Amino acid sequence: MPRLHFILLSGGVGARVGAAQPKQFLQLHGKPVLLHSIEAIHQARPAARLVVVAPAEHLEATRRLAESLFDALVVGGATRHASTLAALEAVPLATLPEADLVLIHDAARPILEAAELDELEAAVARSRDGIASLVAPLTETVVEAAAVSGPMLRPLDRTRLFAVKTPQAARAAALRTMLQRAPEGEYTDLLTWAAAAGLGAELAPAGQRNLKLTSLHDLAVLERLLSGSGVA
């Protein structure tokens with residue numbers, strides 16, 4: 001039976017949050033954000049292997065926080081893509097059976113539900129190339145412009161636009177193909193990397209609570225969600 005391998009990316013320093021420490025260590029509902037993310041993975045898929053990526057300067061803090069809860073801990077790279085490649089070496093991708101599924105998730109998304117993973121795995125099964133991502137529909141009018149201060153270029157059809165979420169997933173065979181075919185580059189996520197390799201992907205709906213921590217306001221919203229006091 002194919003096995004699940006989770007990569008949890010916490011290699012950034014969270015500069016946009018504006019806090020004195022990386023956002024994965026901020027306290028959320030009584031524990032660090034990173035611990036919420038790790039526990040959510042274990043609760044949703046307890047048999048999955050877990051590789052955690054952390055900044056070099058916070059490697060030991062990550063180890064102390066959750067050493068018994070992951071299978072491997074690796075130093076992140078200068079970019080998200082570099083961190084992903086480092087984690088794939090630790091999985092290790094080279095020796096995985098073709099049908100094994102690798103899921104890449106952001107530690108800054110501490111709420112992850114089993115139903116989302118059900119949707120994601122079903123999307124991988126539908127995918128011609130064995131690649132899928134969670135997404136969410138855009139709910140506001142969207143326009144294109146050169147900058148936030150300046151003239152609008154054109155309105156866009158939001159019914160055909162979706163915000164990419166995580167986890168994203170790919171079969172081991174697909175990831176090995178991506179490594180071989182895609183030009184070297186700093187891909188922003190699994191979908192852009194797959195597209196560069198000439199591969200397609202299926203999409204699946206993310207849950208309403210799948211929010212990314214990018215500001216202190218987001219931290220307050222996540223706190224309310226975890227306390228059961230409402231949806232953002």
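None of these values were measured; they are calculated from a predicted model.
With a 6.0 Å radius and a threshold of 12 heavy atoms from other residues, nucleotides or ligands, Gln27 has its CD atom above the threshold.
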Subject >> Stepwise side chain to side chain contact (heavy atoms under 4.5 Å, CB included) check, Leu69 with Ile41 >> reply: CA-CA 10 Å; Leu69 300 177; Ile41 290 170; over 6 Å; no

Subject >> Verdict with reasoning, Leu112 to Leu117, per side chain to side chain contact (heavy atoms under 4.5 Å, CB included) >> reply: CA-CA 8 Å; Leu112 175 63; Leu117 296 182; 4.2 Å; yes

Original post:
For Leu211 and Asp218, what are the C-alpha separation, side-chain angles and deciding distance, and is it a side chain to side chain contact (heavy atoms under 4.5 Å, CB included)?
Top reply: CA-CA 8 Å; Leu211 302 180; Asp218 298 328; over 6 Å; no

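In this structure, Lys31 pairs ionically with Glu39, as a charged nitrogen and a carboxylate oxygen lie closer than 4.0 Å. A salt bridge links Glu121 to Arg45: one of the charged nitrogens lies within less than 4.0 Å of a carboxylate oxygen.
Note on Val53: it clusters hydrophobically with Leu179, by side-chain heavy-atom contacts below 4.5 Å among ILVMFWY residues.
One finds the CD1 atom of Ile131 at 11.0 Å from the CG atom of Leu101 (value rounded to the nearest 0.5 Å). Rounding to the nearest 0.5 Å gives a distance of 11.5 Å between OG of Ser83 and CG of Leu8. Taking CD1 of Ile111 as the start and CD of Glu116 as the end, the distance is 9.5 Å to the nearest 0.5 Å. Note that OG1 of Thr188 and NE2 of His81 are 10.0 Å apart. Values are rounded to the nearest 0.5 Å. Between atom OG1 of residue Thr62 and atom CD of residue Glu57 there is a gap of 9.5 Å, rounded to the nearest 0.5 Å. Note that CG of Asp157 and CG of Leu138 are 10.5 Å apart. Values are rounded to the nearest 0.5 Å.
For Arg154, the salt bridge (charged side-chain N to carboxylate O under 4.0 Å, His left out) test picks out Glu144, with sequence neighbours left out. Pro155 pairs by the side-chain contact (heavy atoms from CB on, under 4.5 Å) definition with Val143, Met152, not counting sequence neighbours. With sequence neighbours excluded, the residues forming a side-chain hydrogen bond (donor to acceptor under 3.5 Å, both in side chains) with Glu186 are Thr79, listed by chain and number.
Side chains of Ser127 and Asp129: a donor-acceptor N/O pair is absent below 3.5 angstrom, by distance only.
You'll find the side chain of Leu175 reaches within 4.5 Å of the side chain of Leu190, heavy atoms only. Residues Val52 and Phe6 fail the side-chain proximity criterion, which asks for heavy atoms closer than 4.5 Å. Annotation: side chain of Ile7 is in contact with side chain of Val91 (closest heavy-atom distance under 4.5 Å). Using a 4.5 Å heavy-atom cutoff, the side chains of Lys23 and Lys212 are in contact. Taking 4.5 Å as the limit, some side-chain heavy atom of Thr192 sits within range of a side-chain heavy atom of Asp189. Annotation: side chain of Leu96 is in contact with side chain of Val102 (closest heavy-atom distance under 4.5 Å). With contacts defined as side-chain heavy-atom distances shorter than 4.5 Å, the pair Asp106/Leu213 does not qualify. Residues Trp193 and Leu85 form a side-chain contact, since some pair of their non-hydrogen atoms from C-beta on lies under 4.5 Å apart.
Counting all heavy atoms, side chain and backbone alike, His58 lies closest to Pro22 at NE2-CG, 3.3 Å.
Checked against Ser133 for a side-chain hydrogen bond (donor to acceptor under 3.5 Å, both in side chains), the options Gln168, Glu202, Lys165 give a single hit: Gln168.
Side chain of Arg181 to backbone of Gly198: no donor-acceptor contact under 3.5 angstrom is found.
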